[in-house]
Amino acid sequence: MLNKYARALFAAIFTPVAALLVRLKVSPDAVTIIGTLGVAGGALIGYPMGQLFWGTVVITVFVFSDIIDGLMARMIGRSGPWGAFLDSTLDRVGDGAVFAGIVIWFYTGGHNSFVAAMALTCLVLGSVVSYAKARAEGLGMTANVGIAERSDRLVVVLVATGLVGLGIPVAVLAVVLVLLAAASVVTIVQRVGTVRRQAMNGNLQAER
């Protein structure tokens, strides 16, 4: 949902940045890799140190590389399977780092095993959500459905974590993680159901 309504806006905002990087001969792949390293650094260094707000700020800055690299690739005519593969793979690395950082902090200095456990649950379920879509596409089908897509999950957890870093009760983050876990389960069911319908329709057509 956030992808649908916000991506065009952010694309317009970051087009000048992408154009500048293209003029400087920077590779879209380099932007993708640097962005992932920045996200992972903010999550796996900032969060375990208890810097939930500043860690979130760093992550948010580097998250926008996901838009910039795509703009750059289109500007220089390098959009293709390799860029899509690299971008998608490193997105999983960044997402994993965000939730792992939350898990580490709340199992250690944060002293809240429930939040840590829910963050770990969201990490696992989020991986299944992404895998379901990728596997469907690998089989020639689609699974572009669900109430908890990657961008939705990431924005919600970053906002909640950053606010906790500013002093709001940790219970808010706990509620957000529980809701994210539930939404992820619903999304998995939606995607499995969508792929099953496509598979069954394909079998029926083959029999005819």
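- Side-chain atoms of T89 and R92, non-hydrogen and from C-beta on, never get closer than 4.5 Å to each other.
- No side-chain heavy atom of V128 sits under 4.5 Å from any side-chain heavy atom of Y131.
- Residue V159 is tested with V156, L163, V157 for a side-chain contact (heavy atoms from CB on, under 4.5 Å); the sole match is L163.
- You'll find the side chain of L52 reaches within 4.5 Å of the side chain of F106, heavy atoms only.
- Remark: the backbone N or O of W105 is paired with a side-chain donor or acceptor of T108 at under 3.5 angstrom.
- Looking only at side-chain heavy atoms (C-beta outward), Y47 and V103 stay at 4.5 Å or farther from each other.
- Side-chain contact between E149 and N144 is absent, with no heavy atoms from C-beta onward closer than 4.5 Å.
- D69 pairs with exactly one of V31, V26, L90 by the side-chain contact (heavy atoms from CB on, under 4.5 Å) rule, that one being V31.
- Between L177 and F99, some side-chain heavy-atom pair lies under the 4.5 Å cut-off.
- No side-chain heavy atom of R153 sits under 4.5 Å from any side-chain heavy atom of T187.
- Judged by distance alone, with hydrogens and angles left aside, the side-chain atoms of S27 form a donor-acceptor pair with the main-chain N or O of D29 at under 3.5 Å.
- Residues V129 and R191 meet the side-chain proximity criterion, which asks for heavy atoms closer than 4.5 Å.
- A distance of 8.0 Å separates OG1 of T161 from CD1 of I59, quoted to the nearest 0.5 Å.
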